[in-house]
Number of protein chains: 2
Amino acid sequence: MRHVAALAGVGIKTVSRVMNDEPGVSEATRQRVLQASQQLNYQLDMAAGSLRRSGRQTLSIGLLLPSVANPFSSEIHRALEDTLSERGIAVFAASLDDNPEREKALVAAFLGRRVDGMVLTPIARSQAYVIPEHSRDLPMVFIDREPVGIEADAVVTDNAAGAARAAAHLLGHGHTRLAYFGDTPDIQTARERRRGFLEQLGQAGIPTSTVSVREGLRDVESARLAARAVLASDEPPTAIFSSQNLVTFGVMRALKELDASRRVALVGFDDFALADMMDPGITVIAQHPERIGRLAAERLLARIDGDDGAPRTYVVPSELIVRGSGELPPSY
Amino acid sequence: MRHVAALAGVGIKTVSRVMNDEPGVSEATRQRVLQASQQLNYQLDMAAGSLRRSGRQTLSIGLLLPSVANPFSSEIHRALEDTLSERGIAVFAASLDDNPEREKALVAAFLGRRVDGMVLTPIARSQAYVIPEHSRDLPMVFIDREPVGIEADAVVTDNAAGAARAAAHLLGHGHTRLAYFGDTPDIQTARERRRGFLEQLGQAGIPTSTVSVREGLRDVESARLAARAVLASDEPPTAIFSSQNLVTFGVMRALKELDASRRVALVGFDDFALADMMDPGITVIAQHPERIGRLAAERLLARIDGDDGAPRTYVVPSELIVRGSGELPPSY
DNA sequence: TAACGATGAGACAACGTTGTCACGAAATAT
DNA sequence: ATATTTCGTGACAACGTTGTCTCATCGTTA
């Protein structure tokens, strides 16, 4: 900046004024400064600016996701970016990989970079442990899962209601022997989905004990093996609900291997690309990552702008998408 | 930092020394400072540090992708993150959406944040227009496409060779009436793939004029319509090569609608989830985003560390994955 | 005992900005 | 004609750090 000032023959404060579009600069000098800055290819140093500037905004936020490569996460990422980029806010994105150590380290990294806010998918048992006291007043929005041990906004899917809808759908098609395939119950969303599914069955008079419940399924392969085992049992289920993308894939594989895709009904939680191209098309409870991302961004911006209302949890409804696999009749 | 110093009863420089693990601090004072900093939940301000620090690293880089929500892009993102996070480097990720204006604006945004380097997928015709002179010395690595008008490292897939392999594969299965479905030839990768495909056919004695070439296909729908049109023609192709993910999806849809999935061979560029679950499985030329990302990260780190060798283009080989759709015999 | 080097610690300036204030000149009001 | 306001501009301190330098203390050696 000193160089620009020297070249234009003005004081540095005048350059600062021009670069920030502040008033009180004559058109003549403005042009002179602009020309000098272009000649030197000068660009304001945001970090130095926010150091001095009151309010001290860095126009950047931190985003913590299970993995940036996970399609569900990356759609949330995209929606956040779209909303935030209108305000010139840049996004630091990082992947957690279910590792609480990483969660802690990444939060610290964001804090050290003085982000204006954070959006995170929590994994540690309690976030009080992960988020230092001092950042109580740092705008934070949790997504997908609600925070524990800390008061903050959250944007989540209606997991229990969505799973209940899946149950009702399968019941409506005459199924009474059902199976639940789920992720590990350590995860709040997985617990909620199980609860919603089983409670709905309970209300229809189907005791939980008659439902095949398989949990702790974290990847395609474990889900595939679990599905094969359950389908090979004496009284196999006539319908399966899988609580998550990868689990759905595993079940699909097992059904295909056993040539049972058209015999056993399937409803999966989470939509995915090409679900309609399968044979039959896969009926799913779709989440709306773009709405979750947008809502999270809006809440974060509101907090950054000073909204200090009580923290709230926002629920984004899921949606049943009928494609064939969930409408197969029971076959005994 | 002043507060920590006051609480510990030392000078601020001593606190700085402790926080940076510099030598020359007695264990006793070190403990006192550490305790004070924990009590106040103090954390170094990286921005202020890099302002003063010589070398002036911010430990952050910028990443420009077609879209963070694009699976291919997000896997590159992930690989980059994995390599860079070992060095404590954070990633600003942003989406381009084929918009040269955005490209320019985002590069400026990164520059203003004084990133240590950038990894980008260029879209503008020339990057000289987009990248200011002054950042000549900013480490930059281009991915997926080579830069124009600027000398820099690039990491790309062997697009022409991969497409040629697809052509050879189809020829090997007896096809002589082929179709090429491609993205807009504005994009370097699309041009390369077309060239590779057609040249290979030419070498086999199949004149380009007999190949149905449809280009400018940017999404599933346009590809679907184009495929329907070509397949309804007098002498429909017995095999199709689609040069990109979305185009492949469109062709798959058209084939399914026409009940021709088992009659017309298909090889797609880009692998995708569940390709093996289709009926038949989709044969593809797979790129290796994780290798591209890792290599790009390594090159960027080398540049950041001062490597000033001549810029090079690194080619990551693609791979033919056989799944059924590409091995169907011609049916006249 | 005097001279010396090693060690721990702080004072101070500087990094690139912006907020505050002051100043001179021009424009307006009295 | 003089007093007052407005306008354009720059000097200076401060933001939170770190590099450089200096200084006091202590133990060692001649």
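Just so you know, these numbers use all the heavy atoms, side chains as well, and skip hydrogens, waters and symmetry mates. Keep in mind it's a predicted model, so treat the numbers as computed, not measured. Per chain, numbering begins at 1; letters A, B, ... match sequence-line order.
Ionic pairing of D116(B) and R87(B) is not present here: no N-O contact between side-chain nitrogen and carboxylate oxygen is shorter than 4.0 angstrom. Under 4.0 Å is where a charged nitrogen must lie from a carboxylate oxygen, and between R56(B) and D45(A) no such pair does. No salt bridge links E103(A) with R145(A); every basic N to acidic carboxylate O contact stays at or beyond 4.0 Å.
Few gaps surround CZ on R218(A); more than 12 heavy atoms of other groups in view lie less than 6.0 Å from it.
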Using a cut-off of under 3.5 Å, enumerate the N/O to N/O pairs linking the protein to nucleotides 14-18 of chain D.
| unit_1 | atom_1 | unit_2 | atom_2 | d |
| --- | --- | --- | --- | --- |
| dA14(D) | N3 | R52(A) | NE | 2.4 |
| dC15(D) | O3' | R56(A) | NH2 | 3.0 |
| dC15(D) | O2 | R52(A) | N | 3.3 |
| dG16(D) | N2 | A48(B) | O | 3.4 |
| dT17(D) | OP1 | Y42(B) | OH | 2.5 |
| dT17(D) | OP1 | D45(B) | N | 3.2 |
| dT17(D) | OP2 | Y42(B) | OH | 3.1 |
| dT18(D) | OP1 | N20(B) | OD1 | 3.2 |
| dT18(D) | OP1 | N20(B) | ND2 | 2.8 |
| dT18(D) | OP2 | S16(B) | OG | 2.4 |
| dT18(D) | OP2 | N20(B) | ND2 | 3.1 |
| dT18(D) | O2 | R52(B) | NE | 3.3 |

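For the residue pair E27(B) / Q31(B), a side-chain donor-acceptor distance below 3.5 Å is found, with atom types taken as modelled.
For the OP1/OP2 pair of dT9(D) and a distance below 4.0 Å, the side-chain nitrogens and oxygens of T29(A) include at least one atom meeting the criterion. Proximity of S26(A) to the phosphate of dG8(D): no side-chain N or O atom is located under 4.0 Å from OP1 or OP2.
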